[in-house]
2 protein chains.
Amino acid sequence: MTGNRDMTAETDFLRPLVTVDVVILTLKDGGLQTLLMKRAAEPFRGDWALVGGYIHPEEDDDLEAAARRILGVKAGIAAPYVEQLQGFGDRRRDPRGWTVTFAYVALIASEGMMLSKGANADSVAWWPVAGSGVEPALAFDHTRILAAAVTRIRNKVEYTSLPVHLMPPCFTLTDLQRVYEQILGRPMDKSQFRRRIAEAEFLEAVPGEFRLASNRPAQLYRIRAGLSTIFFDRTI
Amino acid sequence: MTGNRDMTAETDFLRPLVTVDVVILTLKDGGLQTLLMKRAAEPFRGDWALVGGYIHPEEDDDLEAAARRILGVKAGIAAPYVEQLQGFGDRRRDPRGWTVTFAYVALIASEGMMLSKGANADSVAWWPVAGSGVEPALAFDHTRILAAAVTRIRNKVEYTSLPVHLMPPCFTLTDLQRVYEQILGRPMDKSQFRRRIAEAEFLEAVPGEFRLASNRPAQLYRIRAGLSTIFFDRTI
DNA sequence: CCAATAGTGTCTTTCAGACATTATAAC
DNA sequence: GTTATAATGTCTGAAAGACACTATTGG
């Protein structure tokens with residue numbers, strides 16, 4: 001943004017191509033899954049890629065708005081939780097030359113997610129995340145971006161309340177513990193887990209709401225209004 | 001990066017302007033200071049701004065390379081530690097319209113830093129950071145970027161070895177503790193501090209090197225070769 | 001009654017925090 | 001010897017981890 005030269009003079013032909021790519025994550029079938037699209041155009045036609053697009057200066061107020069619009073238009077998803085991951089830019093990620101992208105991560109609850117109906121329905125699919133990637137090779141440098149996203153989320157789950165964004169509106173404490181365990185890949189102590197959640201005070205019991213089964217009924221909880229992600233003092 | 005439309009068709013006039021801005025931080029006179037440049041061109045001519053510039057696709061291999069080149073050319077600094085902070089982009093940060101920037105943070109040791117000699121020497125200055133900003137109003141949204149950088153670094157100091165990048169090549173453990181204390185703004189227990197540093201195993205004693213004074217000599221330490229920033233198990 | 005899961009209590013070990021003590025230089 | 005800071009040791013209270021126990025439903 002600084003510099004002595006005139007802006008337009010230097011940038012008319014050096015301006016790199018700018019995109020926004022979104023790593024969409026959910027918890028399905030006991031593990032993390034990510035939403036990918038099959039590319040219809042060159043380059044990398046036919047390859048799987050992150051959901052992405054261009055900034056629309058007339059419509060988008062800022063980068064996050066662009067990410068949310070792309071999420072809605074291309075994947076039919078309105079994600080409550082979107083966070084910027086990292087910028088990527090070099091001369092090799094796109095065969096056409098120097099490009100940059102702003103990578104975002106979106107977390108959505110596995111229930112109530114709608115894939116875009118219509119034209120490109122068969123070119124959109126959920127892929128299970130194994131390790132920090134998916135089975136198919138991805139277009140551009142999307143393998144690297146996906147890996148960075150999965151690593152970031154796994155790390156953050158250790159010390160934040162981030163998994164609540166993967167939950168339906170109401171859930172039991174045991175449900176939440178299962179989600180933590182699935183992402184972290186290790187069992188957790190029930191008593192300790194509940195102590196932490198209670199201390200953090202980011203959930204509230206839904207009065208009179210219980211999940212019934214052939215055992216003691218479980219209290220349902222929801223996120224306290226107006227709260228964003230909580231950072232625990234230490235680890236969960 | 002995805003999308004069905006042809007790339008050039010959509011982007012010829014929508015391509016936003018891309019810059020790289022670097023928040024340069026050091027520890028001077030007992031506190032954080034940041035390097036700012038006085039703008040010579042419109043917009044915001046005469047205002048203080050972060051050190052920044054455009055990507056040079058022919059020279060720069062990737063975004064970080066661009067940040068390092070800008071650091072060298074505009075501020076005469078070769079910073080060993082550079083990390084990407086965050087991308088910023090909206091239609092209001094630049095009066096000329098939608099622009100994006102990749103913000104980086106560079107940490108440098110207070111000793112051995114050289115300001116660029118010559119033409120723009122009087123337009124470059126160190127400013128003390130008070131709270132999470134500096135005294136003058138900055139160009140563009142640089143006040144916000146600087147605040148984000150300071151917050152990020154302060155937080156990371158709590159649980160990483162990041163302050164070693166603010167140290168000269170050799171230093172005593174007491175020196176390092178002073179740096180932590182200055183950034184965090186609170187005193188720390190010597191015994192505990194040394195336990196943490198020893199556990200993390202990212203420093204090594206320089207054999208036979210001591211700082212002499214009218215007291216017991218202090219062992220000098222350096223960063224162990226090949227190590228990047230260490231994350232402590234908990235807090236420092 | 002039993003089976004199954006929800007939810008809480010208790011004990012032990014570990015470790016952070018506070019503080020004390022010893023070490024080694026200059027003078 | 002004194003002074004000043006380096007470096008290490010010790011004690012205590014709080015919290016993490018492991019585990020046991022009680023609660024409440026359906027069948």
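FYI, side chains are in, hydrogens and waters are out, and symmetry mates aren't considered; it's all heavy atoms of this structure. By convention in this document, chain letters (A, B, ...) are assigned in the order of the sequence lines, proteins followed by strands, and residues within each chain are numbered from 1.
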With sequence neighbours left out, what residues match Glu181(A) under salt bridge (Lys or Arg N to Asp or Glu O under 4.0 Å)?
->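 For Glu181(A), the residues satisfying salt bridge (Lys or Arg N to Asp or Glu O under 4.0 Å) (neighbours in sequence not counted) are Arg178(A).
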Quick one: list whatever passes salt bridge (Lys or Arg N to Asp or Glu O under 4.0 Å) with Asp62(B), sequence neighbours left out.
->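 Scan of Asp62(B) (salt bridge (Lys or Arg N to Asp or Glu O under 4.0 Å), adjacent residues dropped) gives none.
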For Phe202(A), check ring-ring contact (aromatic ring centres under 6.0 Å, His included) against everything at least two apart and list the hits.
->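 Partners of Phe202(A) by the ring-ring contact (aromatic ring centres under 6.0 Å, His included) criterion come out as none, since no residue qualifies.
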Residues in ring-ring contact (aromatic ring centres under 6.0 Å, His included) with Tyr180(A), at least two apart?
->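 Tyr180(A) satisfies ring-ring contact (aromatic ring centres under 6.0 Å, His included) with Phe193(A) only.
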For the residue pair Lys38(A) and Asp47(A), establish whether any side-chain heavy-atom pair is separated by less than 4.5 Å.
->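 The answer is no, as the side chains (C-beta and beyond) never meet within the 4.5 Å cut-off.
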Among residues two or more places apart or on two chains, list those pairs meeting side-chain hydrogen bond (donor to acceptor under 3.5 Å, both in side chains) that have a residue in residues 144-154 of chain A.
->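 Sorted result for residues 144-154 of chain A: Glu83(A)-Arg152(A), Asp90(A)-Arg144(A), Asp141(A)-Arg144(A).
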May I have all residue pairs that pass side-chain hydrogen bond (donor to acceptor under 3.5 Å, both in side chains) and include part of residues 157-169 of chain A, sequence neighbours excluded?
->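 Found Glu158(A)-Arg186(A), Glu158(A)-Thr235(A).
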Which pairs would a plain distance check flag for residues 213-221 of chain A, meaning a side-chain donor or acceptor within less than 3.5 Å of a matching protein atom at least two apart in sequence or in another chain?
from, atom 1, to, atom 2, distance (Å)
Gln219(A), NE2, Val206(A), O, 2.8
Gln219(A), NE2, Glu209(A), O, 3.3

Could you list where the contact with chain B starts and ends along DNA chain C, reading 5' to 3', using a 4.0 Å heavy-atom cut-off?
->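 Here the contact window of chain B covers dA16(C) to dA26(C).
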Where along residues 215-223 of chain A does a heavy atom come under 4.0 Å from DNA chain C, residue by residue in number order?
->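 Heavy-atom cutoff 4.0 Å gives Asn215(A), Arg216(A), Pro217(A), Ala218(A), Gln219(A).
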Do any of residues 176-201 of chain A sit with a heavy atom less than 4.0 Å from DNA chain C, and if so which?
->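 Per residue number, the list reads Lys190(A), Ser191(A), Arg194(A).
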Under 4.0 Å from any heavy atom of chain A: name the first and the last nucleotide of DNA chain D that qualifies, 5' to 3'.
->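 First and last nucleotides in contact are dA16(D) to dG26(D).
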Reference residue Val105(B); test side-chain contact (heavy atoms from CB on, under 4.5 Å); the match among Ile153(B), Val22(B), Leu162(B) |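 Option passing the side-chain contact (heavy atoms from CB on, under 4.5 Å) with Val105(B): Ile153(B).
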Salt bridge check: are Arg195(B) and Glu199(B) linked by an N-O gap of less than 4.0 Å?
->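 No, no charged N to carboxylate O under 4.0 Å.
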Could you pull out all residues at least two apart from Asp175(B) that satisfy side-chain hydrogen bond (donor to acceptor under 3.5 Å, both in side chains)?
->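 Partners of Asp175(B) under the side-chain hydrogen bond (donor to acceptor under 3.5 Å, both in side chains) test: Thr172(B), Arg211(B).
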Under 6.0 Å between the ring centres of Phe88(A) and Phe102(A)?
->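 So the answer is no for these two rings.
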